[in-house]
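By convention in this document, chain letters (A, B, ...) are assigned in the order of the sequence lines, proteins followed by strands, and residues within each chain are numbered from 1. Quantities reported herein were computed from a predicted structural model and do not represent experimental measurements. Just the heavy atoms: all of them, side chains too, but no hydrogens, waters or symmetry mates, feed the values below.
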Amino acid sequence: MLMFEDVKEHLTQIIDSFCQTRGLPTGKVEFRNIPFSGEWGIAAPLFPLAAADPDKSLPVPKKAQEFAEILKTQAEELPGFSRIEAIRGYLNLYFEPHQYAERVVSTVLGQGKGFGSSEQQGKKVMVEYSNPNTHKPLHVGHLRNVILGGSVCNILEASGKKVIRANYIGDIGLHVIKWMCNYEMYHSGEQPDADTMRWMADLYAEADKRFVSEPAFEAAVRDYFGRWDAGEQHLKDLWKQTRDWSMEGFDQVYALLGEHFDRIYFESEVEEPGKALIEQLLESGLAEDGRPENPVIIDLDKKLGTNEEYRVVVILRSDGTSLYATKEIPLAIMKFEEYDLDQSIYVIDVRQSLHMKQMSKVMELMGYPWANRMRHLAYEIVNLPGNVTMSSRDGTVVLLDDLIREATQRALEVVREKNPTLDADMMLEVAEKVALGAIKYPMIARENTKIVTFDWDSALDFNGQSAPYIQYAVVRANSILRRLNEPAPSMAAFSHELLPVEVNLIEKMSQLPDVVQKAAVEFKPSLVATYAFELAQAFNDFYTQCPVLSAEGSTRLSRLVLVQAAKISLENALSLLGIQSPQVM
RNA sequence: GUUUCCGUGGCCUAAUGGAUAAGGCACUGGCCUCCGAAGCCAGUCAUGUGGGUUCGAAUCCCACCGGAAACACCA
């Protein structure tokens, strides 16, 4: 509870002086929330203190209870608590509910959109994410990366970091050559239609199919690759044009998802610097040249004296062409030189863990002091039911385009049914917000290291633990405020008897700043996703049990400000997840 | 073979080493003359196995079982 540091400090002083008189070490006691609902306070488990007592005449739980009872009498002078109890080795302090309700609600209302965020501390962090290949479609697997990366950026910003959103685009390679070759042979002169993404994707699928099934086409592609390497101008022009189309398609999707980037890196711009670096690595003796038979490698285990831990990195093919690692090395350097980063984060799926570990080690061996400030944020992939990995080759991918379209269509049907009086534009706007929320939420609502299984039924389910459930709570709150025929009060005293559901709602709201901090430190948007759902649950409990507009006098006023604060908290939590809140649905 | 990740009700997930393991889906039965039923209430069912550390373990350590992944010219 970030908002009640002063209370904790007082209590800490009491406990510390108790420790000093008994000859016990200080700083052993940490506070936690009381896990029972309906009451509101902090708890101090005294077991660590009891275990540290050299006097072992009593078992730890009994001693903890004894300490709790002594501390209870000493803490009773503290203001602001309605009740203090010593039970089962815990010292529980229950807040005076009205006072703290006012404190929480006025903080939320005072900070508004900033509630949950902390002040800037000047630390600079780059987050690289999304990283699509041009000329290829985006599918549901890419979605997890974009949503996770974007959300991590939001959360880091809210925690007080300066964030640079970076995107590393794969704009060269076999996939690009295949696409261009197929285009020139079968679609020469054609232009993308309004749905650029889709058009590019269809042509890519066609090219890939020909590549594996038509030997003549495969031969043509190889010929193309040769001409590309020779630097034929015509191909460069075509490449630039088609890459632009692909980038336009990405921009459409990013706009729809609400994502933006501060810095775009292209693979093509780091290829030559990479090759130059390889020469340096060979001169310094770090790399070994096996050409022409074998590739250029760095044998990390040999250099470090480790055994099967870092393995071997291949940094240049035996024919002298570049690889992933060739380009990663200059890119990492460029980032730190350009931005003087405190941290450089890579949102990349878990299968590249070894590779990321190797890259960081290579940087260290090259003598860069920032090598240990690179961090791989690994996440598990998105599977299909039955543990089937999505593969563009097997045609098992679920295209992002199709998913968004289908979800929006479904959402539109529901909106039309629930809210038939809305005009058509508004219906579509609401349907998009609901659909996108529903799609995004499962991508970040579980731990990064757990596999997400995609299936259409649950992706299009707008009930239960889902974004629409949380959005619905916002809409309900908004509905109350909309029906109010007078200006909403800016603040009110909480003098009525608070029901347990009101206390729970207020307590949940108060936790947002803590949740954001923790999510930022651990790079876990899932904590915010879970929190947002619990907050919505707390609001729904409140909504069903506490009449607002029909309540009397001060109860009505205090509930009105509570509704406003709850709405702000819900919207802020959703916004950190990259999910928008409709006002009606 | 080496290494990493994951094992919690029928299914999916949650729980700074702390109190009675929390929700969602599905299923069954209730709740709209009352601020929006995309909601609420009620019911059945769970920490892979065996050790260890600890006052206390779903959580930390070891072993095993089961699943996934990575490990020299894909990214």
Side-chain angles (χ1 to χ4, degrees), chain A residues 30 32 34-36 43 45 47-48 50-51 56 58-64 87-90 92 131 133 170 173-175 267 290 294-297 299 307-319 321 323-328 348-355 357-358 378 380-381 383 387 389 411 414-415 417-419 434 438 442 445-453 457-458 461-466 468-473 475-484 514 518 522 526-527 530 533-534 536-537 540-541 543-551 559 563 584-585:
Chain A
E30 286 177 5
R32 57 197 311 274
I34 295 175
F36 314 114
F47 304 98
K56 302 288 183 200
L58 282 177
V60 169
K62 278 217 163 86
K63 173 139 293 186
I87 184 167
R88 307 174 72 170
Y90 292 84
N92 293 338
N131 298 6
N133 285 330
L174 181 62
H175 64 282
E267 246 184 83
N294 291 304
V296 179
I297 61 160
D299 190 336
N307 185 29
E308 291 192 73
E309 190 179 351
Y310 290 95
R311 315 267 170 172
V312 166
V313 212
V314 179
I315 54 176
L316 197 69
R317 281 201 187 90
S318 50
D319 65 3
T321 57
L323 285 154
Y324 188 44
T326 322
K327 295 164 262 190
E328 280 283 301
I348 303 182
D349 85 62
V350 68
R351 292 173 296 189
Q352 291 180 46
S353 295
L354 175 61
H355 175 260
K357 196 168 118 180
Q358 289 175 329
E380 264 292 357
I381 57 168
N383 266 353
N387 206 8
T389 305
V414 181
V415 175
E417 178 196 325
K418 308 270 181 190
N419 220 333
V434 171
R446 65 205 68 225
E447 287 208 43
N448 303 336
T449 49
K450 289 204 172 176
I451 294 171
V452 171
T453 301
D457 283 346
S458 56
D461 188 357
F462 300 151
N463 300 306
Q465 182 164 3
S466 65
Y469 176 95
I470 305 164
Q471 291 169 321
Y472 186 63
V475 166
R476 281 176 137 185
N478 186 54
S479 180
I480 292 173
L481 299 172
R482 188 159 30 94
R483 284 168 188 280
L484 189 63
D514 278 348
K518 195 172 178 212
E522 297 181 8
S526 61
L527 297 178
T530 302
F533 174 68
E534 287 169 357
Q537 263 185 327
N540 277 329
D541 285 344
Y543 185 89
T544 46
Q545 290 186 41
C546 300
V548 179
L549 295 175
S550 61
R559 283 179 180 168
V563 169
V584 292
M585 63 192 270

- Message: Could you walk me through whether Arg317(A) and Asp319(A) satisfy the salt bridge (charged side-chain N to carboxylate O under 4.0 Å, His left out) test, starting with their C-alpha distance in whole Å, then the side-chain angles of each, then the deciding distance to 0.1 Å, before giving a yes or no?
- Response: CA-CA 5 Å; Arg317(A) 281 201 187 90; Asp319(A) 65 3; 5.2 Å; no

Nearest whole Å is fine: how far is [N] [atom2] from [X] [atom1]?
X         : N      : atom1 : atom2 : value
Phe47(A)  : C55(B) : CZ    : C1'   : 8 Å
Gln545(A) : G39(B) : CD    : C1'   : 13 Å
Asp349(A) : C5(B)  : CG    : C1'   : 12 Å
Met585(A) : A37(B) : CE    : C1'   : 12 Å
Ile87(A)  : U20(B) : CD1   : C1'   : 12 Å
Lys450(A) : U13(B) : NZ    : C1'   : 7 Å
Arg88(A)  : U20(B) : CZ    : C1'   : 8 Å
Ile348(A) : C5(B)  : CD1   : P     : 18 Å

Integer angstrom distance from the [atom1] of [N] to that of [M]:
N      : M      : atom1 : answer
C27(B) : C32(B) : C1'   : 24 Å
A42(B) : C5(B)  : C1'   : 39 Å
A19(B) : G24(B) : C1'   : 25 Å
A21(B) : U47(B) : P     : 11 Å
G23(B) : G43(B) : C1'   : 16 Å
C25(B) : A57(B) : C1'   : 29 Å
G48(B) : U13(B) : P     : 14 Å
A14(B) : A22(B) : P     : 16 Å

- Message: Can you confirm whether Arg482(A) sits close enough to Val584(A) that some side-chain heavy atom of one is under 4.5 Å from a side-chain heavy atom of the other?
- Response: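 Yes, close enough: below the 4.5 Å cut-off.
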
- 5' priority, RNA chain B, between Gly173(A) and Ala411(A) [closest heavy atom]: Ala411(A)

- Of Lys56(A) and Val415(A), the one whose closest RNA chain B nucleotide lies more 5': Val415(A)

- Message: At under 4.0 Å between heavy atoms, how does the protein contact nucleotides 22-34 of chain B? Give one character per nucleotide, 5' to 3', with B, S or -.
- Response: -SSS---------

- Message: So if I define the base as every atom that isn't primed, P, OP1 or OP2, how would nucleotides 67-73 of chain B read as a B/S/- string at a heavy-atom cutoff under 4.0 Å?
- Response: -SSSBBB

Short side-chain to backbone donor-acceptor contact, [X] and [Y], under 3.5 Å:
X         : Y         : result
Gln358(A) : Tyr310(A) : yes
Ser479(A) : Val475(A) : no
Ser353(A) : Val350(A) : yes

- Message: Let's see if you can work this out: which of U16(B), A15(B), C41(B) has an atom nearest to the side-chain heavy atoms of Asp541(A)?
- Response: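 Of the candidates, C41(B) comes closest.
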
- Message: Given U16(B), A19(B), C6(B), identify the nucleotide with an atom nearest to the side chain of Thr449(A).
- Response: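 Between U16(B), A19(B), C6(B), the one nearest the side chain of Thr449(A) would be C6(B).
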
- Item | Anti/syn call for C32(B), syn if |chi| within 90° |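 What C32(B) shows is a syn base, its glycosidic angle lying within 90° of 0.
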
- Note on the structure: For Glu309(A), the side-chain contact (heavy atoms from CB on, under 4.5 Å) test, sequence neighbours excluded, returns Asp301(A), Thr306(A), Lys357(A)

- G36(B) phosphate, OP1 or OP2: any side-chain N/O from Arg483(A) under 4.0 angstrom? yes

